[in-house]
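First listed ligand is number 1; within each ligand, the first listed atom is number 1.
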Amino acid sequence: MTLFERVFNGNDAVYGLTEQAIDAAIAQHGEEKAVSFPNTAYCLPCYYAVTGVKVTNLKELKEALGVVKTLMTREPRLNDAFMSGVATALCAEFIEALKYIDGAAPYEEPLYGHLADAVIRELGVPLVTGDIPGVAVILGSAPTVEEGVALVKSYQAQGILVTLVGGICDQVAEAGMATGANVRVIPLGKDVTAVIHVVSVALRAALIFGNVTPGDAKTLMEYTMQRVPAFVNAFAPLDDVIVACGAGAIALGFPVITNETENIARVPKSLIVQEDVSKFNATSLEARDIKIKITNIDIPVAFASAFEGEIIRRGDMQVEFDGSRVDCAELVHTVEASEIEDHKITVVGPEVDEMELGSKNSIAYVVKVAGKSMQPDFEPVIERKFHNYINCIEGVYHTGQRDMQRIRISKNAFAAGFRLKHIGEVLYASVKNEFEAVVDKCEVVIYTDPAECTRIRHEVAIPTFNKRDDRLKNLTDESVDVYYSCILCQAFSPSHVCVVTPERLGLCGAVSWLDAKATNELDPNGPCQVITKERPIDERIGEYEDVNEAVKRLSQGALEDVSLYSIMEKPMTSCGCFECICGIEPFSNGVCIANREYAGMTPLGMTFPELASMTGGGVQTPGFMGHGKHFIGSKKFMKAEGGIERIVWMPKELKEFVADRLNQTAKELYGIDNFTDMIGDETVATDPETLVEFLTEKGHPALGMDPMM
Ligand code: SF4
Ligand code: NI
Ligand code: NI
C-alpha cells in the first residue's frame, strides 16, 4: 500500500467512527444538545481555527462533519494527503468533544485531555525566552518501558514540554515517573484521538498570540510551521489512523519521527525513520531545528527548567530552610573586583549531613559580584532569578525571596550526594551564564550558622532591601529620562510591543523597568531598547511622539500610536500572555479585572478565557487591556479614565494579592481608606445588577464618575 492509501484509509476509518459517534449522541441527547470543551473561548478550537465557524451544539457538529468531508479528496497527491490529515485531526476533535457532553469529566489524573486557554497563555513567556525550547508529542508504546521513560526524561532535561498519547502514558506511570504540567510532562490520554489536545494548543496559540483570523487556514498553517516548535515521535507499529494523524501533523509543519520500518515512505525533513529510539531526541531536534541552551553545572542531580514546578512534600524532604520561622536571607552584593575570588564557594556552618532529618534550619547566601558594568540597580534583577535557578535543581524546591525564602532538599537529592555547596555552584554558574555582560567575577558564601544568619539578615540584607525599596518608591515615570520597549513576544505575536515604564511593568508581569534596563545593558541590540520621552503629545493619556515613533518602528508599521495610561484611547496592545485582563463594565462606569488563575464567571458575563479572547495578537482593542498584576496598584493604572477608582470587581484571590499597594495608592490619590473593601468579588456578585447594588451600598466612587463610553 502506498503512503497516500494509508493516509486515506486511516482518514476514512476515523471519519466513519466520528459519524457513528455523532449520530449516537444525537439519538441520545437530541440535536440541540450543547457541545464544547471547558475553559476555552474557542468552542471546538481546531475546527474554529481552520474554518472560522464556532460549533456549539450537536446539529452544528453534524453540519461541520459535512464540511470535513469536503477536505477528504482522494487524488494521490501530497495536498490531498495533507488535507485528509487535517480532516482526521478535526474528526478526532469531534470525538473528543463528545466525551465532554453534559459537563462530563472524561479524563482523570494523571491524564489531562483538553488543556485550558490559560495554560497556553502561561506558556507564552517560557516559549519566547527559549526556556521551553520545543514541544514533543510522543505517540504509542515505546519498545520497552525503560526506553520510553529515557526518551521522556531526555526531553524533560532539555526543558522541552512533553505530551504523551497512547501506551506511553501507561509506561511512564508503570515506571513511577512523576508527571504533570508542573514538570512539563503531560499525559493527554490513551486513545489516539487525544492527540488533538496538543494540536489544539498549537492552533489556539495562532489565534491568541498571532492574530490569525479564524478560517484563514493558509496563514494558520504558516504560523504553526514557523512559530510553534513542535514535533511528533510515533512508535512502531503504526496503524493507518496514526499515519493519517501524522499527515495532519506534517501539514502543520511538525515533523514525524518513527522507528517503523515496514511499509513506510520517507519524506525528507517531515517523515523520518529512525530505527534507534535512543536517537529520537537528537533526530527530532535536528529535524525541527531546535537549539538547546546548555548550562553545564557540576552537581550530582539534574538541572533543567522542567523541574521548576516540582513540589517536595514534607515526607519526601531531607531538610528545610524557612525564612518565615528562622533568620534567612538571599542577597546579591556588588563589591570591588579585588575583594573576591571568582568561583569561590564557602559554606559557613553545618552542611546538610550535620542537620537532623526533617529539621528546619537557617540559611543565608550572599552572592558577591564584581564587574566594570555592574550597577547596584541590577542587584535585585539578578537576585530575583535565584528562585528560578534553585528551583531548576531536581529535588530542590524554592519559594519566596529576600529574607522570606523557603527551601526544601529532598531525600533523593541528598542520597544522590546533593549538598549546600551545590546551591553555590548553581548560583555561581547561572549568574555568570546569564549576566556575563555585567558580572566579571562571582563568589558565593552560604551561611548556615544561626548566629551568622541572624547577623547577615539584620545587619546586611534588611538595610539593603530598605535602601532598594526607597529607590523604587522614588522611581516614577516622571523621574526617569527613558522608558524601554520589550519585543520578546514578537516570536509569537509579530506586531506586539510592550512599552515598559517604572510605573507600568510588562503585561506578562515578568519585565519591570529595572529588568528592561538590565536586559538592555546586557544585550544592547536585544529585545529591550531605550525609548526617549522628550516630546509629549498629551500628558493626560501618556502619549509621546518618541514613544509613537519607537512603537511604529518596532511593530514594523503595524501600530501608529499608543498611550501609556488609557484603556479607551490608543491603548497598549497585548500579545496574549498577560497576567490579567480588564474590561469596561458599563452599568457601574467601572472596570472588572480577571486574573489568569480565576476560573469562574465575571460580571461582564465572560470568563477569563472569553475576556482574554477579546484582545491579543498585537492589536489595539479599546475597552479591553491585558496587564500585569503589579500594575493594578499603580498610580498610572488607566489614569486617563480616572485611575484605580474605576476598579469595581476582581476575583477575591487577586484582590488579596494587590490589597496593600492598592489601598495605599487609593489613600494617597483620593484619601479613601481600605479601598479594596469597596471592590466586588465572586463571593459578592458575578452579575452586574448584584454588583451595582453592592457598590451602591459601599459608596463606590465609580458610580458617580462619567461614563467611559
Ligand atoms: Fe512579552 Fe511584553 Fe513581557 Fe516582553 S514585557 S516578555 S513583550 S509581555
Ligand atoms: Ni531575627
Ligand atoms: Ni507575551
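Within ligand 1, counting atoms from 1 as listed, the ones closer than 4.0 Å to a heavy atom of Cys498 are 2 (Fe), 5 (S), 7 (S), 8 (S). Close approach to Cys489 involves these atoms of ligand 1, each under 4.0 Å from a residue heavy atom: 1 (Fe), 6 (S), 7 (S), 8 (S). Each of the atoms 5 (S) of ligand 1 lies under 4.0 Å from some heavy atom of Gly506. For ligand 1, the atoms lying closer than 4.0 Å to a non-hydrogen atom of Leu507 are 8 (S).
At a cut-off of 2.8 Å, Cys575 does not coordinate atom 4 (Fe) of ligand 1 through any N, O or S atom.
The closest side-chain donor-acceptor pair between Glu434 and Tyr389 falls under 3.5 angstrom. Between the side chains of Asn388 and Glu308, at least one donor N or O lies within less than 3.5 Å of an accepting N or O. Between the side chains of Thr464 and Arg468, no donor-acceptor pair is found at a separation under 3.5 Å.
With hydrogens and angles disregarded, no donor-acceptor distance shorter than 3.5 Å links the side chain of Gln529 to the backbone of Ala550.
Of the heavy atoms in Pro527, none comes closer than 4.0 Å to ligand 1.
Enclosure of atom CG in Asp523 by more than 12 non-hydrogen atoms of other residues, nucleotides or ligands within 6.0 angstrom is indicated.
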